[in-house]
Chemist: 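Here it is: the structure, laid out below.
Source: prediction; values computed, not measured. Every heavy atom of this structure was used, including side-chain atoms; hydrogens, water molecules and symmetry mates were not. Quick note on labels: first sequence line is chain A, next is B, and so on, each numbered from 1.
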Number of protein chains: 2
Amino acid sequence: MKSNQVTIVDIANELKMSKSTVSRALTGHPNVKPETRAKVTELAEKLDYQRNMLSISLITNKTKTIGIVLPDFFTSFFPQVVVGAQEEAARQGYSVIVSQCNESYETEVANSKVMLANRVDGVMVSLTKETLNYDHWKAFIRKKIPVVFFNRVCEEMMVPKVVVNDYDAAFQAVKHLISIGKRRIAHLAGPAQLVISRKRMNGYRDALIKNNIPIDEDLIIEFDLNLTKVKMYVKHLLGMTNPPDAIFAVNDPTAIEAIQIIKQSGKRIPEDIAVVGFSDNYGSNFIEPSLTTIAQPVKEIGKTAMELLLGLMDKDISEWKPLIKTLDTELVVRNSTVKQVLEQ
Amino acid sequence: MKSNQVTIVDIANELKMSKSTVSRALTGHPNVKPETRAKVTELAEKLDYQRNMLSISLITNKTKTIGIVLPDFFTSFFPQVVVGAQEEAARQGYSVIVSQCNESYETEVANSKVMLANRVDGVMVSLTKETLNYDHWKAFIRKKIPVVFFNRVCEEMMVPKVVVNDYDAAFQAVKHLISIGKRRIAHLAGPAQLVISRKRMNGYRDALIKNNIPIDEDLIIEFDLNLTKVKMYVKHLLGMTNPPDAIFAVNDPTAIEAIQIIKQSGKRIPEDIAVVGFSDNYGSNFIEPSLTTIAQPVKEIGKTAMELLLGLMDKDISEWKPLIKTLDTELVVRNSTVKQVLEQ
DNA sequence: CTGTTAGCGCATTCAA
DNA sequence: TTGAATGCGCTAACAG
């Protein structure tokens, strides 16, 4: 089936000149008579000629396409990261191809193959909660295709990463709980294979220790982020003989789930039990009580990761520095810890 | 810069055979001695050979890539559509390239150019709220690149579309409000250039008429979906001498915004004023009171649109039928209209 | 069964 | 300033 798109040959024939001249005229090559260039560009415009990036990619071995691989598309977090990343990519003349993995390691591997097949010039990756093996990403490095991790990063790979100050943020969140008088602070933690889970956990532990509050391992529940399990955990916590007076959740969806269970139980938030989340997802400001949480600079994470990635583009692999950018977060205090004065 | 990826030539040289034999062995061509094929595939495996889709695309004039252009990534709606679409695309061996437009017409045009430059085999489009000119999409048809609209469709283009029964759903929603005793039902409507806005508006009007309730134009507020304006509108409605006893909002974010304003005003939901939204977005089930809304089969919308699009792939343009698929929605009754019995 | 050749659309030598 | 020739990696048509 013949192409329906106009090619350089079409223009050359029409204008009775060589393809190379047309090509030069179209690519802004200096050695073209202005008059010739005018004729060519005019006809190209008229015919709605579009350069075939495929052939150029074949020649240059560059596709000007960046792959973004995400663990999920469920909350507002990752889509917003994509927005930031895409803007930056567009600014630098790159397109973006996105795929999400439904938090499945196998899908992640499959998606990495898609990126390879599409000959992306680089990938921006956030790992699924299942991912423990990184061979599929190491293969990119072997092929000299740069990889940048963000949010859910791979510690053992020496590549650029964009993260937030998870440890500090968690520390601040727990400190905030302590400052409002809470002492038995539970932690609904993410799976230990995720670096962010461990960092938030450490921030939690250290905040307690620094404030001379003994750590009660019974108040720490680590789980796989499967939200259906939160109900059971929260009920368990509430039913303890010495129940917690606060919960620090590893992320907002977990915190939101927890809030609903606590409300059903009849306990008051924050008086009986305060709740803090992480990320300031969509919805966290209008759940009742509104959720105190750690706001991440979502779009900036995407933008920064893309900048880091594109920065490696023209460099030799020997110059790839495993730079780690740590962005700042902000504790957003809402009603789930401190009742706010209603503003009109 | 030489490619770092293994090519067929590399394998052919290593094995001292012709490139065509290697190619045949790798593509599953029947006329290859099993022994030869074994040798080739083994070496390909070992060298981590990856077919360069670029050259194949150049030959076949097909990229096996579908573009998805969305108005925004703000709510959970469009990302979920992408998930459905991507799954179906992957199933049929296609990749997907996504871009979102921040509800800007100009960005939509720019994104359409990106899709063209990337030589997508087809596009799945939902229009921005600003879009009134469709030349950029008509250009696709001229180039024989199929276009399928979904959700925010273009009426004047005769191409396949995937929508939900917006009219019926709106009708049901308003009928539901009437059934619980509401009579002065306001409508926060979307901009008239969006077909979905008009259909929902018509469903709203007809439901009132069918139930012998006079339409009060003062209760109908059409706006550009800019959420910051909702506060003003709702306050205006609440301040009327004869205020509405219900609000039907064109989408969930609007309804959620409305609920918050109403709560601040001290009015009770649903006793004083009931609220219904549209789409069942993330968050609608946990806002308080939880939002009665119309649930859309989000992933199925994506899947269906992709099926329709891929169905056109091998067909001649003369066979493209402007099929319109209308998917069913479901009224989800929650506390913003009828207080539910708490389930444990 | 395997090798040879041509060509997809373009940019880029080298010649003129 | 322009034209002709080469090749990016691969498949397919044509010979053996």
Side-chain angles (χ1 to χ4, degrees), chain A residues 1-41 43-44 47-65 116-121 143-144, chain B residues 1-41 43-44 47-65 116-121 143-144:
Chain A
M1 206 186 293
K2 188 74 179 53
S3 165
N4 305 297
Q5 309 247 17
V6 180
T7 72
I8 281 191
V9 178
D10 299 326
I11 297 180
N13 288 344
E14 184 85 15
L15 258 32
K16 299 188 198 318
M17 53 175 76
S18 74
K19 310 170 228 171
S20 34
T21 303
V22 175
S23 172
R24 277 189 282 256
L26 255 20
T27 49
H29 195 96
N31 290 350
V32 180
K33 210 201 296 181
E35 192 187 315
T36 312
R37 167 162 298 145
K39 269 198 291 190
V40 171
T41 48
L43 185 61
L47 263 37
D48 197 10
Y49 166 77
Q50 205 96 26
R51 260 161 89 182
N52 191 336
M53 296 306 291
L54 255 36
S55 44
I56 298 176
S57 295
L58 194 58
I59 294 170
T60 61
N61 202 38
K62 301 237 168 299
T63 53
K64 291 278 182 178
T65 302
L116 236 31
N118 280 75
R119 288 303 208 261
V120 293
D121 289 343
K143 293 174 195 280
K144 309 196 186 183
Chain B
M1 206 186 294
K2 188 74 180 56
S3 165
N4 306 299
Q5 308 247 17
V6 180
T7 72
I8 281 191
V9 178
D10 299 327
I11 297 179
N13 287 344
E14 183 86 13
L15 257 35
K16 298 187 200 313
M17 54 174 77
S18 75
K19 310 170 227 174
S20 36
T21 303
V22 175
S23 171
R24 276 190 283 258
L26 254 20
T27 50
H29 195 97
N31 290 350
V32 180
K33 208 202 294 181
E35 192 187 315
T36 312
R37 166 162 298 146
K39 267 198 290 189
V40 171
T41 49
L43 185 60
L47 263 36
D48 197 10
Y49 167 76
Q50 206 95 26
R51 261 160 90 184
N52 191 336
M53 295 306 291
L54 255 34
S55 45
I56 298 176
S57 295
L58 194 59
I59 294 171
T60 60
N61 203 37
K62 302 233 168 302
T63 53
K64 290 280 185 176
T65 302
L116 235 33
N118 280 76
R119 289 298 207 265
V120 293
D121 290 344
K143 293 173 194 282
K144 308 197 186 182

Chemist: Can any side-chain N or O of A:Asp121 pair as donor or acceptor with the backbone N or O of A:Lys62 at less than 3.5 Å?
Modeler: no
Chemist: Could you give the CG-to-P distance, from B:Leu54 to C:dG7, as a whole number of Å?
Modeler: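 Nearest whole value for this atom pair: 21 Å.
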Chemist: To 10°, what angle do the rotation axes through the five end pairs on each side of the helix from C:dC1-D:dG16 to C:dA16-D:dT1 form?
Modeler: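 For the helix from C:dC1-D:dG16 to C:dA16-D:dT1, the axes at either end differ by 50°.
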Chemist: Tell me the interatomic distance from A:Asn13, atom CG, to D:dG3, atom P, rounded to whole angstroms.
Modeler: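 Rounded to the whole Å, the gap is 12 Å.
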Chemist: List every contact pair, protein side and nucleotides 11-14 of chain C side both N or O, where the distance is under 3.5 Å.
Modeler:
{"residue": "C:dA11", "atom": "OP1", "partner": "A:Arg51", "partner atom": "NE", "Å": "3.2"}
{"residue": "C:dA11", "atom": "OP1", "partner": "A:Arg51", "partner atom": "NH2", "Å": "3.2"}
{"residue": "C:dA11", "atom": "OP2", "partner": "A:Ser23", "partner atom": "OG", "Å": "2.7"}

Chemist: Would you mind reading off the distance between A:Met17 atom CE and D:dA4 atom C1', rounded to a whole angstrom?
Modeler: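 Roughly 16 Å, once rounded to whole Å.
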Chemist: Donor-acceptor pairs under 3.5 angstrom involving side-chain atoms of residues 17-30 of chain A: please list them, not counting sequence neighbours.
Modeler:
{"residue": "A:Ser18", "atom": "OG", "partner": "A:Ser20", "partner atom": "OG", "Å": "3.1"}
{"residue": "A:Ser18", "atom": "OG", "partner": "A:Thr21", "partner atom": "N", "Å": "3.2"}
{"residue": "A:Ser18", "atom": "OG", "partner": "A:Thr21", "partner atom": "OG1", "Å": "2.9"}
{"residue": "A:Thr27", "atom": "OG1", "partner": "A:Ser23", "partner atom": "O", "Å": "2.8"}
{"residue": "A:Thr27", "atom": "OG1", "partner": "A:Arg24", "partner atom": "O", "Å": "3.3"}

Chemist: Quick one: B:Asn61 CG to D:dA12 C1', roughly how many Å, whole number?
Modeler: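 That distance rounds to 16 Å.
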Chemist: Give me the atom names and distance for the closest heavy-atom approach of B:Asp48 to A:Lys143.
Modeler: O-NZ, 2.9 Å
Chemist: Quick check: closest heavy atoms across B:Ile8 and B:Tyr49, and the distance to 0.1 Å?
Modeler: CG1-OH, 3.4 Å
Chemist: Measure CZ/A:Arg119 against P/D:dC8 and give the value in whole Å, please.
Modeler: 14 Å
Chemist: What is the distance from CG of B:Leu58 to P of D:dC8, rounded to the nearest Å?
Modeler: 13 Å
Chemist: Is there a side-chain polar atom (N or O) of A:Thr36 under 4.0 Å from OP1 or OP2 of D:dT2?
Modeler: yes
Chemist: Does any part of the side chain of B:Asn52, heavy atoms only, come nearer than 4.5 Å to the side chain of B:Thr7, both counted from C-beta?
Modeler: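 Not in contact.
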Chemist: Shortest non-hydrogen contact from B:Gln50 to A:Leu116?
Modeler: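 Closest pair (atom of B:Gln50, atom of A:Leu116, distance): OE1-CD2, 3.6 Å.
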Chemist: Scan A:Asn31 against the nucleic acid and name what it touches under 4.0 Å (heavy atoms): base, sugar-phosphate only, or nothing.
Modeler: base
Chemist: With a 3.5 Å distance limit and no angle check, can you tell me whether B:Asn118 reaches the backbone of B:Val120 through a side-chain donor-acceptor pair?
Modeler: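 Judged by distance alone, no pair lies under 3.5 Å.
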Chemist: For C:dC8 and B:Ser57 - does any side-chain N or O of the residue sit under 4.0 Å from the phosphate oxygens OP1/OP2?
Modeler: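 The answer is no; no side-chain N or O of B:Ser57 sits under 4.0 Å from OP1 or OP2.
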Chemist: Take atom NZ of A:Lys62 and atom C1' of C:dC10, then tell me their distance rounded to the nearest Å.
Modeler: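 The distance from NZ of A:Lys62 to C1' of C:dC10 comes to 17 Å, rounded to the nearest Å.
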Chemist: Does D:dT2 have its OP1 or OP2 closer than 4.0 Å to a side-chain nitrogen or oxygen of A:Thr21?
Modeler: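 No, A:Thr21 has no side-chain N/O under 4.0 Å of OP1/OP2 on D:dT2.
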Chemist: Between A:Leu58 and A:Leu54, is any pair of side-chain heavy atoms under 4.5 Å apart?
Modeler: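 A:Leu58 does not reach A:Leu54 side chain to side chain.
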Chemist: What is the distance from NZ of B:Lys16 to P of C:dT2, rounded to the nearest Å?
Modeler: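 Computing the B:Lys16:NZ to C:dT2:P distance gives 17 Å.
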Chemist: Between A:Leu43 and A:Ile11, which heavy-atom pair has the shortest distance, and what is it?
Modeler: CD2-CG2, 3.9 Å
